[in-house]
> 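Below is one structure. I have some questions about it.
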Amino acid sequence: MKRTDLISPAVIITALLLAAFPLLANAFWLVQIGAQTFIYGIIALGLILLAGYGGMVSLAQMSVAGLAGYSMAIFGLNSAGLGLGWPLPVVIITAIILATIFGTLIGVLSVRTEGIYTIMITLAVATGFFYFTRQNYAIFNGFTGFAGIKAPVIGGYDLRNPVWFYYLCLIFAAFSYLAITHLVRSTFGVALQGVRDNARRMEALGFHVKAHRITAYAIASVLAAIGGILTVWMNDRIDPSSIGVGPAIDILIIAVIGGLGHPVGAFIGALIFTLVDNFAIDLIDRERFNTVIGAVFLFIVLFSPDGVIGWWRRLFKPGSSSARASSQ
Amino acid sequence: MKLSRRSLIGLAVVGGLLSSTVLASAETIKIGTIATLEGAFAVLGKEGMRGVDMALKKWGNKAGGKDLVIIRSSSDTSPDSAIRAVKKLVEQDGVDIVVGPLSGSEGLAIKEYAKTKPGVTFINGLSAAQDTTLRDPAPNFFRFTGDGAQWMAGLGEYVYKVKGYRNIVTIGEDYSFPYTMALGFLNDFCNLGGKVANRFWVPIGNKDYSTIVASIPDDIDAIWVGLGGADAVNFLSQYEQAGGDKPLIGGTITVDQSVLGSKGRRKSYVVGTPSAGPIADSWDNPVWQAWKADYKAQFPDGFPTPSLFAHGYFISMSAALTALDKVKGDLSDGHAKYRAALTNLVLDTPTGKVSLDENRQGITDIFLTEVTEAKDGTLYNKVIKIIPQVNQVMNGDRAKFLALGRVGRNVPACK
């Protein structure tokens, strides 16, 4: 990808369409589809950095996001009256720092492993954290979790208003996207891809392989933390079901159907996932809609192992698809 | 070329957006329904939808002279999924009335959501958490079914006075619905002087009860079991295999067909287990029997007898439609007339009259039952007593009941 791609007509048109979207759409489309897509996209973007560029498939992204969300409830305000009520900026910073530390520790633990074992160990962390939050009442309020974590009013903009919340998510999504597209072309990003392709050779060249991998986990955790905070603001609430094994795997599905080969895959995957998740029940008998969801994802992966963006490349940029072969 | 192809796709997306916003016509009323059609409660959610279908058949898909458009939606017992489902119904499909959800924590989440949508009327499906209506209720949320505590009405008194139990332990899943049932049961039992030696709370789907079975003391008279479905069966079989012989007291969803189908030694063990709830399948009342026959006729592939999920959703949907008939489908003025009709409704249901209290919570009849062996050797829940018109504070003093505190692992204190 060339640097000029960032100001290509397609990017500008997409940006304009996204910015103008609130003129066309109702609250449901803005929040349930739009904002949700951006949030899923931000969290999955971290996974694309880890899996697509670092060769490490982590299922703990949602746990990191969940810890950030829980931190918002625990240090801020919630309707159970259990929050500490710290000032908002402090709460947000604490949430991001805690989640990043958590995610980095997961990284420290899992960079000792490769391939399927990384998936196993991060799945173990995710499952363990899920059961811990469900049974711990002292900190996490158990099964019930926390409700009433309201999006704030910042600078006169009420973020509970669908339009402003949409723009908030759009800004963070755009910022994360630009940051990651830049990062993967930086020295660090290129070295990370080197580590992915041949760790031993990079080691011989004098690169600190583990440090690169752990740094990737830390960056992915920041993205997950942002996604987690936006999620609690959108839902007003968090409980263990938000961070269970199902949601953890949803993030992997999003990254895979979008495509691990480019950061934009996270958002394309998120959009497809959100649309199918919301509208499959309208397409078919209400008792069978989960079959449709599964079939759509199976179809995408079957016909394009490198996700929807792989399709896109083959359709519109013939010849370039082999240049960035799938990273797995 | 590239560009125009892309813009075409963009146009298609925009076109799709506009066309998907369906405009409700004046001659139809849109009702959204939510039940757990996925996850561990999928079978129960399907049963809930059967209740909805029975009401729709009875009304012929019309109420208040207008055609009904029913939009069905699914959750998975998690509050998040219920919120996603209800947001789609309200904000995208533009429904006027929501009927649902099924599970306790979902109900609490939807009550909070209802407060942000004053233009929509919410009628609970069967969720039975207490604080959905008892504390901080939403003005546009109505519940015509009981909560978990109401369903336990009369059971504490019965086991204390008739069975003579004085000292018990309780076991239930570790979340709001079993807490609520325990509160309803222990409130009566402890007021009379009963004691609780220990309370065990286990995660939903727990498989291994050996540590709990081992720590049940010998000097108790009975065990109150608030577990449901597979959890109840797992506990009973492990308790029985360990040689346990203390009598049981059942929660509302504990003594169902899987327990009543017991064979051998366990059969004689479960005979005599009392429980309480909003229905009793063996009740000989003709209205109930007729409704049961309707269920069987409409759903030959359904349960052998309608469960409380079909019953609860049938009542909730019937309430929604009866009130629509009363106001002739008039939902103007922010549903003002419609809500007044709901508030003042006295609904005749297959299980007696239901009316609402000042928090828009149902006052209903509760059935006290006991597992009995029929002449042909099968087990069934025999109706011992009907406790008429139980309100949310169990027909006691409201202030005193509220002082027990929010439901939880150790509520009521029982000292």
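So you know, we letter chains A, B, ... as the sequences are listed, proteins then strands, and number each from 1.
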> Any chance you could measure A/Asn235, atom CG, to B/Arg84, atom CZ, to the nearest 0.5 Å?
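If we round to the nearest 0.5 Å, A/Asn235:CG and B/Arg84:CZ are 7.0 Å apart.
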> Does any backbone or side-chain atom of A/Arg160 lie under 4.5 Å from a heavy atom of chain B? Answer side chain, backbone, both or neither.
neither
> Looking at every heavy atom in both A/Ile281 and B/Lys88, which two are closest together, and how far apart are they?
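The answer is CG2-NZ, 4.4 Å.
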> Nearest 0.5 angstrom please: A/Met234 CE to B/Lys87 NZ, how far?
6.0 Å
> Look up atom CD in B/Gln92 and atom CG in A/Asn26, then write down how far apart they are to the nearest 0.5 Å.
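Separation between the atoms: 5.5 Å.
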> In terms of heavy-atom proximity below 4.5 Å to chain B, should A/Phe28 be classed as side chain, backbone, both, or neither?
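Both parts, heavy atoms under 4.5 Å.
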> Contact part of A/Asp282 toward chain B, heavy-atom cut-off under 4.5 Å: side chain, backbone, both or neither?
side chain
> How many angstroms lie between OG1 in A/Thr144 and CG in B/Leu108, if you round to the nearest 0.5 Å?
8.0 Å
> Could you tell me which non-hydrogen atom of A/Arg237 sits nearest to which non-hydrogen atom of B/Ala109, and how far apart they are?
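Smallest interatomic distance, heavy atoms only, reads NH1-CB, 4.0 Å.
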> Using 0.5 Å steps for rounding, measure from the CZ atom of A/Phe143 to the OH atom of B/Tyr179.
9.5 Å
> Within the 4.5 Å heavy-atom criterion, are B/Pro79 and A/Ser241 side-chain neighbours or not?
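In contact.
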> Tell me, do B/Tyr175 and A/Arg134 make a side-chain contact under 4.5 Å, heavy atoms counted?
no
> Check each atom of A/Gln135 against the heavy atoms of chain B and say whether the ones under 4.5 Å are side chain, backbone, both or neither.
both
> For A/Tyr137, which atoms come within 4.5 Å of any heavy atom of chain B: side chain, backbone, both, or neither?
side chain
> Pick one of side chain, backbone, both or neither for B/Arg409, based on which atoms fall under 4.5 Å of a heavy atom in chain A.
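Contact with chain A is through the side chain of B/Arg409 alone.
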> Considering only heavy atoms, which portion of B/Ser176 lies under 4.5 Å from any heavy atom of chain A: side chain, backbone, both, or neither?
neither
> Any chance you could measure A/Asp239, atom CG, to B/Ser105, atom OG, to the nearest 0.5 Å?
7.5 Å
> Return yes if a side-chain donor-acceptor contact under 3.5 Å exists between B/Asp80 and A/Ser242, otherwise no.
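Note: B/Asp80 and A/Ser242 side chains meet the donor-acceptor criterion.
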> Would you mind checking which part of B/Ile204 comes under 4.5 Å of any heavy atom in chain A, side chain (CB onward), backbone (N, CA, C, O), both or neither?
both
